[in-house]
Amino acid sequence: MRYASTRSKEYRATASEAILAGLAPDGGLYVPESFPRVDFSSWREDSYREMAGKLFSLYLSDYSPRAIQEILEKSYGDNFDDPDITPVHWLDERTGVLELWHGPTLAFKDLALQCLPHLFTEARRMQGIEDRFLILTATSGDTGKAAMAGFSGVEASWVAVFYPLGGVSALQERQMLSGGDPNVRAFALEGTFDDCQRQVKALMQDQVFIQKLKDRSIRLTSANSINVGRLIPQMVYYVHAYCRAVKHYGDPLSLIVPSGNVGNILAARYVKEMGLPLDRIQLASNSNKVLYDFLSTGVYDARRQLLKTSSPSMDILIASNMERYLHLLTADEEALARLMGQLGEKGYFQFDRQRLDLDTSWSDEEQVFSTMRSVYEAYGYLIDPHTAVAAGGAFREESASPRLIVGTASPYKFAPSVLAALGLDCPPGVDEQIGCLQGLMGGPLPEAIRDLLASRPQKRHQLSPPGMEAAILDLTGGTHETI
């Protein structure tokens, strides 16, 4: 399997080359050159790790079978608090929640970012690269800590995470400021997530900055969902969920996915392209409904005010992986380069609405809080605001097939919103908020929460966009060895 840029036919790469590079040289995203058709019925009795091994062997064809097995053993073991890795919690006979938050940072990003550092390290070995690497990451809340947790202490690597000041939950920020080795650091950037993402992309294409790093024998890459090494592991849990959710292979299964940057739902669309019998794939937006509007009209218009919501990981106006989705539909690199150029310059573009094959819904803040409350009252089950965006879209419609609401984060990460939705008083401190939620959920606290409560957060590193380069060079100024 080889990978090609979404913006031109000129750039091709192996899996290991694409993972190390992050972006293609022309600014495009790497996508598989083809999608193998698979009879997934033979996978039905496989464990999560076994399914991952089969899928990785298709898409990481330059990695040896032994390397893949070693990567999987390190990525999916006791670092997840459920032996099924991504269990399904059934609310009723036809509607379940796919719980993607049983990893060390309690969010779906762990499914990829517990794996990516090992893919990265093996790729570096395969390519015979002695240079060190700097991983730049913009985060709307969850990617940051997941990247920091995955790469903490990884040899010859630094991670610089940029999150929007005031644009993540208190617990998300505390996670990013707690724990981790000296090679990982989070910075609060003045602005929105889109500002963070735009500035990171700009730095990754800034030749002067890149040369400064080269002078230190440092290469630049990303752990954001622009890296195809993030996308491939996400495909696994949809195959696993399908095989656990349906009675007979071939039965349709619908998915409702809360979406901000489109990577999570794109993974579902990719496995459907491979032949997994998925029925409707529905993209659920919050009040920042640029994706809902696009799928409804064919006009992608980011020229609007970004709203801060209770689901901050979805507070995004420019979704990076929309580029990959459109490439899947068209395979026209020149046209796609023009559309992405117009989006960058003018803030909008238009696409043939009839070619868009994702369903869509959106929920405003009142509906999000109402959904959290109604799900708890009806089923005794707590969901976070992001999952509630999807659940709201699901319960407002009938479904002829079984359906899974994709649960992207633990309720513990958004305790104030969950408590408010239930009409309960919210204590001012994170520790007390977690205690209140534990009383509702029952059972022991997740290990990640226990560790967080026992930690002492570092001082916030706050800066404006012009200060990003200096902060990064300061992070990489020392010598980083294996820890």
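Start at 1 with the first residue, then count along the sequence.
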Asks: Are the side chains of V257 and Y238 in contact, using a 4.5 Å heavy-atom criterion?
Replies: yes
Asks: Can you list everything that forms a salt bridge (charged side-chain N to carboxylate O under 4.0 Å, His left out) with D110? Sequence neighbours excluded, please.
Replies: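 For D110 there are no salt bridge (charged side-chain N to carboxylate O under 4.0 Å, His left out) partners, ignoring immediate neighbours.
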Asks: My understanding is that only residues two or more places apart in sequence, or in another chain, count here; which of them pass salt bridge (charged side-chain N to carboxylate O under 4.0 Å, His left out) with K54?
Replies: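 K54 satisfies salt bridge (charged side-chain N to carboxylate O under 4.0 Å, His left out) with D46 only.
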Asks: For Y48, give me all partners under ring-ring contact (aromatic ring centres under 6.0 Å, His included), at least two apart in sequence or on another chain.
Replies: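 Per chain and number, Y48 pairs via ring-ring contact (aromatic ring centres under 6.0 Å, His included) with Y76, H240.
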Asks: Take atom CZ of R303 as the centre, draw a 6.0 Å sphere, and report whether it contains more than 12 heavy atoms from other residues, nucleotides or ligands.
Replies: yes
Asks: Ring centres of Y381 and Y376 under 6.0 Å apart?
Replies: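 Here the rings of Y376 and Y381 have centres that are no less than 6.0 Å from each other.
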Asks: Got Y63 and L119 here, is their nearest side-chain heavy-atom distance under 4.5 Å?
Replies: yes
Asks: Give every donor-acceptor pair under 3.5 Å between a side-chain atom in residues 419-447 and any protein atom, sequence neighbours left out.
Replies:
from	atom 1	to	atom 2	distance (Å)
D431	OD1	R174	NH1	2.9
Q433	NE2	P427	O	2.9
Q438	NE2	G443	O	3.1

Asks: Using a 3.5 Å distance criterion without hydrogens, assess whether the side chain of T6 forms a donor-acceptor pair with backbone atoms of L29.
Replies: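 Yes: the side chain of T6 pairs with the backbone of L29.
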Asks: Restricting to ring-ring contact (aromatic ring centres under 6.0 Å, His included), what partner residues turn up for Y163, sequence neighbours left out?
Replies: none
Asks: With sequence neighbours excluded, what pairs up with K109 under the salt bridge (charged side-chain N to carboxylate O under 4.0 Å, His left out) test?
Replies: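 For K109 there are no salt bridge (charged side-chain N to carboxylate O under 4.0 Å, His left out) partners, ignoring immediate neighbours.
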Asks: Regarding D206 and K201, does a basic nitrogen lie under 4.0 Å from an acidic carboxylate oxygen?
Replies: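 Judged by the 4.0 Å cut-off on N to carboxylate O distance, D206 and K201 do not form a salt bridge.
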Asks: Would you please name every residue forming a side chain to side chain donor-acceptor pair (under 3.5 Å) with E70, sequence neighbours left out?
Replies: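 By the side chain to side chain donor-acceptor pair (under 3.5 Å) rule, E70 matches R66.
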Asks: D195 side chain to P164 main-chain N or O, any donor-acceptor pair under 3.5 Å?
Replies: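 Side chain of D195 to backbone of P164, a donor-acceptor pair under 3.5 Å: no, none is there.
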Asks: Considering only NZ, NE, NH1 and NH2 on the basic side and carboxylate oxygens on the acidic side, decide whether E323 and R7 come within less than 4.0 Å.
Replies: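 Between R7 and E323 there is a salt bridge, with a charged N closer than 4.0 Å to a carboxylate O.
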Asks: So, taking the atom named CD in Q114 and the one named CZ in F80, what distance separates them when rounded to the nearest 0.5 Å?
Replies: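 Between atom CD of Q114 and atom CZ of F80 there are 5.5 Å.
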Asks: Do Y3 and Y30 make the cut of ring centroids closer than 6.0 angstrom?
Replies: no
Asks: Between F35 and Y270, is the gap from one ring center to the other below 6.0 Å?
Replies: yes
Asks: For residues 356-373, pull every pair meeting salt bridge (charged side-chain N to carboxylate O under 4.0 Å, His left out), keeping only residues two or more places apart or in separate chains.
Replies: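 Qualifying pairs, neighbours excluded: R269-D357, R280-D359.
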Asks: If you measure only the distance, is there a donor-acceptor pair under 3.5 Å linking the side chains of T309 and S311?
Replies: yes
Asks: How about D315 and N288: does a side-chain donor come under 3.5 Å of a side-chain acceptor?
Replies: yes
Asks: If the condition is side-chain contact (heavy atoms from CB on, under 4.5 Å), which residues does S285 pass it with, not counting sequence neighbours?
Replies: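 side-chain contact (heavy atoms from CB on, under 4.5 Å) check on S285 returns L283, K289, L291, Y292, W362.
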Asks: Applying ring-ring contact (aromatic ring centres under 6.0 Å, His included), name anything that partners Y379, two or more places apart in sequence or on another chain.
Replies: none
Asks: Any side-chain to backbone donor/acceptor pair from T387 onto I383? Under 3.5 Å, distance only.
Replies: no
Asks: Going by the ring pair (Phe, Tyr, Trp, His ring centres under 6.0 Å) test, which pairs reach into residues 414-471, not counting sequence neighbours?
Replies: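 Of all non-adjacent pairs touching residues 414-471, those that pass ring pair (Phe, Tyr, Trp, His ring centres under 6.0 Å) are F187-H461, H386-F414.
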Asks: H118: what forms a side-chain contact (heavy atoms from CB on, under 4.5 Å) with it, not counting sequence neighbours?
Replies: I71, K74, S75
Asks: Looking at D279 and R403, is there a salt bridge between them, counting it only when a charged N and a carboxylate O are closer than 4.0 Å?
Replies: no
